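Right, I'll just put the structure down here and ask away after.
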2 protein chains.
Amino acid sequence: MPGMTTTPEQIIVDSILDSIADQKLRAGTKLGEQSLSEIFSCNRTQVRRALATLTGYQVVEHIPNRGAFVVTPSERGARDVFQARQAIELTICENVAQSENLPDFAPLYENIEAEGRAIASGNRPEAIRLSRKFHLILAALGENSVLERYLEELTMRSSLILGLYGGDTESQCASEDHRRIVAALEARDTQAAQSEMRTHLRHIEAAVDFSGARKPTGALSGLLTRR
Amino acid sequence: MPGMTTTPEQIIVDSILDSIADQKLRAGTKLGEQSLSEIFSCNRTQVRRALATLTGYQVVEHIPNRGAFVVTPSERGARDVFQARQAIELTICENVAQSENLPDFAPLYENIEAEGRAIASGNRPEAIRLSRKFHLILAALGENSVLERYLEELTMRSSLILGLYGGDTESQCASEDHRRIVAALEARDTQAAQSEMRTHLRHIEAAVDFSGARKPTGALSGLLTRR
DNA sequence: GCAACTAGGATTGTGAACAATTTGTGTTAC
DNA sequence: GTAACACAAATTGTTCACAATCCTAGTTGC
C-alpha cells in the first residue's frame, strides 16, 4: 500500500503489545515517558498518546502523577476475562460454522503447525504468541468486527495473565485443542466446535495458578523489540 | 465523597454520551474542538482527550485534519453490535440467575416503573435512556467487570442506532420485556431468562429500519446539556 | 539506630504559541 | 454561467517551555 505510513504511536503500541504477549514486559513494569521517547526516538507527546491507547486496552494502568504501568491482573479480573472470552468465542464458533460461503481454513492449519514446532522446540513465548494468533485468525473468520476487536483485547490480557501466573505445561495441549476446534468447524458442526472451544478455554484457565506468582521485573532496558 | 473531583474531560465525555443517548446529538454531527472548549469553558487539550476517549468507545469517528464526528452506524455494524450484545447479555443473565447470594432486584423494578411512565407520557428520549439504564443495572448485577464495560459501549452504540434508524413503536413493548426478564431471573430460571432476553433483543433489532433514515443535524448549538 | 522532616532531582501535567491542513469565498478566464 | 484558480479564514496538529507533583537522599533530632 503506497502512502501507508505507520505513525510512531502505532509502532510504540504494537511494540509494547508484542513485548507483553512475549512476556518480555511483565506486570508492574513502569513505562516511563522519557525512556520510551528515547527508545523510539520520538516526541513525548506521541508516547503519551500511545500510552493512552494502551490504557484503553486495559493492558496499561495509568496512575495520575505517577505514570503508566503494565497492569497486574487480579484473580477476579482473570476470571472475568476468561468468562468474557467464552461468551465471545462461542459466538465466533457459531458464526464460522454457519457461515454462508465456507471460509478458508488454511491459515488456521498453518498456524497450528507453527504452534507445534514452537512447543517442540520449547519456545514458550513463541507458543503463547502463536496461540493468541490462532484465536485472532478465527475471530476474523467470524466476520463480526465488534467481537473481533474485543477478542483482540481479551487475548492480550490473557497473555499477560498466563505470563504472570501460568504453569509450564499449558501449551502442550493447546495445539491439539486447536486442531479439534478447526476439525469441528470444517465439519460445520456448531455444537461440537463450541464444546471443543469450551474445553480448550477451560484448559487454559486451569493452567493459571495464583498461589505462585512470578515476580515482576522493574526496568525496561532491552525489553522492547523495536520493529 | 470528599476529594472526588470530576475532571473536565469526564464531564465532557459524559455530557456527549448523554446527549447521544438522548438523541440530541445525531450521527454525523461535527464535534469541533474550539466549540466544545468554549461550551465547557476549558482548554482545548482537555477537549482533545475527551474526544480520544469517545473514539475508543467507537461512538466518535476521528478523521485526520478534519475533526471528530458522531459516527454514522452502518447496517453491518448494527448487526455486529446486536449479535455481540446477545453473546454478552445471555452470559450476564446466567451470572445473575446463578449468583450465590440473591441480588437486589429493587433497582430493576424501579427502573421498569420509570420506563412505563416515560412511555405513557410519550417521552421517547427518556424511554430510550431508561431502557439503556435497565441493561446497565442488570450488567452490574452480573459481577463481571469486562462484560459490564463492553455492554456500556454496546448500549451506547445501540442508542445511536435506534436514534438514527429506529421506528416509533419499539419502546412500547420494552417495558414488558424487561419485566419478564427480571421475573425469570428472580425465579432463578436461567433458560427462561436467556430466552426472554433473546426475544427482547430481537424486538429491539426488529425496530431498526435502514430504508428510512433520519437526517443528521449539523450544528451543536444548545444540544449539549451542561451537567 | 530510627523516625520525621527538608531539600534536590526527576517525572508527569498543562497551556499556549506556532505549523500544517482544510474549507470557504471571491475572482478570473473561457 | 460555469469551472478553475488563488487567497483568506478557520480548524486541526505539533512542539516546547513552564508548572505541579512525586520520589530519593540526606540531615536533624530524639
Side-chain angles (χ1 to χ4, degrees), chain A residues 2-13 15-16 25 27-72 215-221 223-224, chain B residues 2-13 15-16 25-72 216-221 223-224:
Chain A
M4 180 63 182
T5 55
T6 46
T7 67
E9 182 194 339
Q10 194 61 44
I11 294 175
I12 297 175
V13 169
S15 183
I16 289 178
L25 270 181
T29 307
K30 168 152 190 180
L31 301 170
E33 296 183 1
Q34 187 164 308
S35 311
L36 290 173
S37 71
E38 285 168 4
I39 291 173
F40 294 97
S41 59
C42 66
N43 202 295
R44 198 157 67 87
T45 306
Q46 299 170 302
V47 171
R48 210 154 234 280
R49 269 211 300 268
L51 291 176
T53 301
L54 290 167
T55 303
Y57 264 108
Q58 302 284 110
V59 156
V60 160
E61 186 181 15
H62 186 91
I63 303 176
N65 292 320
R66 297 282 305 279
F69 303 82
V70 179
V71 293
T72 303
K215 290 195 194 82
T217 55
L220 64 155
S221 29
L223 299 171
L224 288 169
Chain B
M4 180 63 181
T5 54
T6 46
T7 67
E9 182 193 339
Q10 194 62 44
I11 294 175
I12 297 175
V13 170
S15 184
I16 289 179
L25 270 181
R26 293 240 275 265
T29 307
K30 167 151 190 181
L31 302 169
E33 297 183 0
Q34 188 164 306
S35 311
L36 290 172
S37 71
E38 285 168 4
I39 291 174
F40 293 98
S41 59
C42 68
N43 202 293
R44 200 157 65 89
T45 307
Q46 299 171 301
V47 171
R48 209 153 235 280
R49 268 210 302 269
L51 291 176
T53 300
L54 290 167
T55 303
Y57 264 109
Q58 302 284 112
V59 156
V60 161
E61 186 181 14
H62 185 91
I63 302 176
N65 291 320
R66 297 283 305 278
F69 302 82
V70 179
V71 294
T72 303
T217 54
L220 65 156
S221 30
L223 299 171
L224 288 167

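What you see is a predicted model, and the numbers here were worked out from it, not measured in a lab. First the proteins, then the strands, lettered A, B, ... as listed; each starts at 1.
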* Does A:Arg44 get its side chain close enough to the base of C:dG13, under 3.5 Å, for a donor-acceptor pair? ->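 Check passes, donor-acceptor contact within cut-off.
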* Asked: In a check of side chain to side chain contact (heavy atoms under 4.5 Å, CB included) between B:Leu31 and each of B:Ile12, B:Leu36, B:Val47, which one passes?
  ->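 By the side chain to side chain contact (heavy atoms under 4.5 Å, CB included) criterion, B:Leu31 pairs with just one of B:Ile12, B:Leu36, B:Val47: B:Leu36.
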* To do: Consider the side chain of A:Asn65, meaning its heavy atoms from C-beta on, and name the nucleotide among D:dT15, D:dT12, D:dC22 that approaches it most closely.
  =>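 So the side chain of A:Asn65 is nearest to D:dC22.
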* Just by modelled atom types, is the A:Asn43 backbone N or O under 3.5 Å from a matching donor or acceptor in the A:Gln46 side chain? ->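 Yes, because the side chain of A:Gln46 sits within donor-acceptor range (under 3.5 Å) of the backbone of A:Asn43.
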* Could you say whether A:Thr45 or A:Arg66 is positioned toward the 5' end of DNA chain D, judged by the nucleotide with the nearest heavy atom to each? =>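 The residue closer to the strand's 5' end, by nearest nucleotide, is A:Thr45.
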* To do: Indicate whether OP1 or OP2 belonging to D:dT12 is found under 4.0 Å from a side-chain N or O atom of B:Lys30.
  => yes
* Asked: Does anything in residues 46-56 of chain A reach DNA chain D, meaning a heavy atom under 4.0 Å, and if so which residues?
  -> A:Arg49
* **Rounded distance (Å) that lies between atom P of C:dT12 and atom CD of A:Glu38** =>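 After rounding, the gap between these two atoms is 11 Å.
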* To do: Return the value, rounded to whole Å, for the distance between atom CG of B:Asn43 and atom C1' of C:dG15.
  => 5 Å
* Over all heavy atoms of both residues, which pair between A:Lys30 and A:Arg66 is shortest? Give the atoms and the distance, please. =>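 Between these two residues, the closest heavy atoms are NZ-O, 2.9 Å.
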* Asked: So, for A:Glu9 and A:Thr53, which heavy atoms are closest and what is the spacing to 0.1 Å?
  ->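 Shortest heavy-atom contact: OE2-OG1, 3.1 Å.
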* To do: Please name the pair of heavy atoms, one in B:Ala27 and one in B:Val71, separated by the smallest distance, quoted to 0.1 Å.
  =>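 Nearest pair, atom of B:Ala27 first, then B:Val71: CB-O, 3.3 Å.
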* Asked: Heavy atoms, side chains only, cut-off 4.5 Å: are B:Leu51 and B:Glu33 in contact?
  ->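 In short, these two side chains touch, coming nearer than 4.5 Å.
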* Asked: CD1 of A:Ile63 versus P of C:dT11: gap in Å, rounded?
  -> 17 Å
* **Residue pair B:Phe40 / B:Ser15: nearest heavy atoms and the distance that separates them** => CZ-OG, 3.6 Å
Show the distances under 3.5 angstrom between N or O atoms of the protein and N or O atoms of nucleotides 6-10 of chain C.
none

* Asked: Considering only side-chain heavy atoms of A:Glu33, which listed nucleotide, D:dG13, D:dT15, C:dG13, is closest?
  -> C:dG13
* Atom-pair distance (NE2 on A:His62; C1' on D:dC22), nearest Å ->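 Atom NE2 in A:His62 sits about 13 Å away from atom C1' in D:dC22.
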